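Since the structure comes first, as structure tokens, the remarks are kept for the end.
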Amino acid sequence: MQIPIKCGCGGECQEWTIVEVQGVVEVQPAFKDQFQNLEIGLLCRPSSQETYTFTVGYHELTGSKVPLKKPLVVLKKVENGTSDQEIVAAHKRVELEVVGIIRQRILFKTRPKALISRPQQPVVKTLSST
């Protein structure tokens with residue numbers, strides 16, 4: 001079976017980057033069914049450096065950008081059925097659309113650093129004696 005591939009972005013395809021962490025990112029039980037648009041952390045790159053920081057809860061990871069040996073293509077499956085008879089007969093025409101190209105990854109290979117915030121100091125009120 002031949003599956004045609006087309007690029008729907010006109011000319012240049014959008015650049016994507018893989019974020020690779022060593023270990024497991026576990027989701028709390030309250031969010032098990034809500035993976036869509038789930039924010040797991042904050043990814044930052046200071047403008048003057050080539051290192052990246054990834055903050056997840058009270059943990060901070062430090063990583064760097066690494067090029068891939070071979071680029072990867074991100075594809076989206078598009079099914080085209082022109083009539084109801086084709087859908088019933090399961091003769092759908094399948095196409096793959098290029099969504100983006102991955103040429104690099106951000107690799108976090110070190111152990112996370114624990115972020116410990118200082119507890120707030122209690123406010124002490126002083127009474128003036130008059």
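Quick note: numbers below take in every heavy atom, side chains included, and nothing from hydrogens, waters or symmetry partners. This structure is a prediction, so every number in the text was calculated from the model and none was measured.
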Check residues 61-70 and write down every donor-acceptor pair under 3.5 Å in which the side-chain atom is one partner and the other belongs to a residue at least two apart or another chain.
residue: Lys65; atom: NZ; partner: Tyr52; partner atom: OH; Å: 3.2

Self-check item: Under the salt bridge (Lys or Arg N to Asp or Glu O under 4.0 Å) test, residues paired with Lys113 that sit two or more places apart
Solution: Glu60
Check whether any side-chain heavy atom of [X] sits under 4.5 Å from a side-chain heavy atom of [Y], and report yes or no.
{"X": "Arg111", "Y": "Gln22", "result": "no"}
{"X": "Leu72", "Y": "Ile18", "result": "yes"}
{"X": "Lys77", "Y": "Leu96", "result": "yes"}

Self-check item: Distance-minimising heavy-atom pair for Phe108 and Leu43
Solution: CZ-CD1, 3.7 Å
Self-check item: side-chain hydrogen bond (donor to acceptor under 3.5 Å, both in side chains) partners of Thr51, counting only residues at least two apart
Solution: Gln49
Exercise. Could you state whether Val56 and Val21 fall into the same hydrophobic cluster, counting links through intermediate Ile, Leu, Val, Met, Phe, Trp or Tyr residues with side-chain heavy atoms under 4.5 angstrom apart?
Key: yes
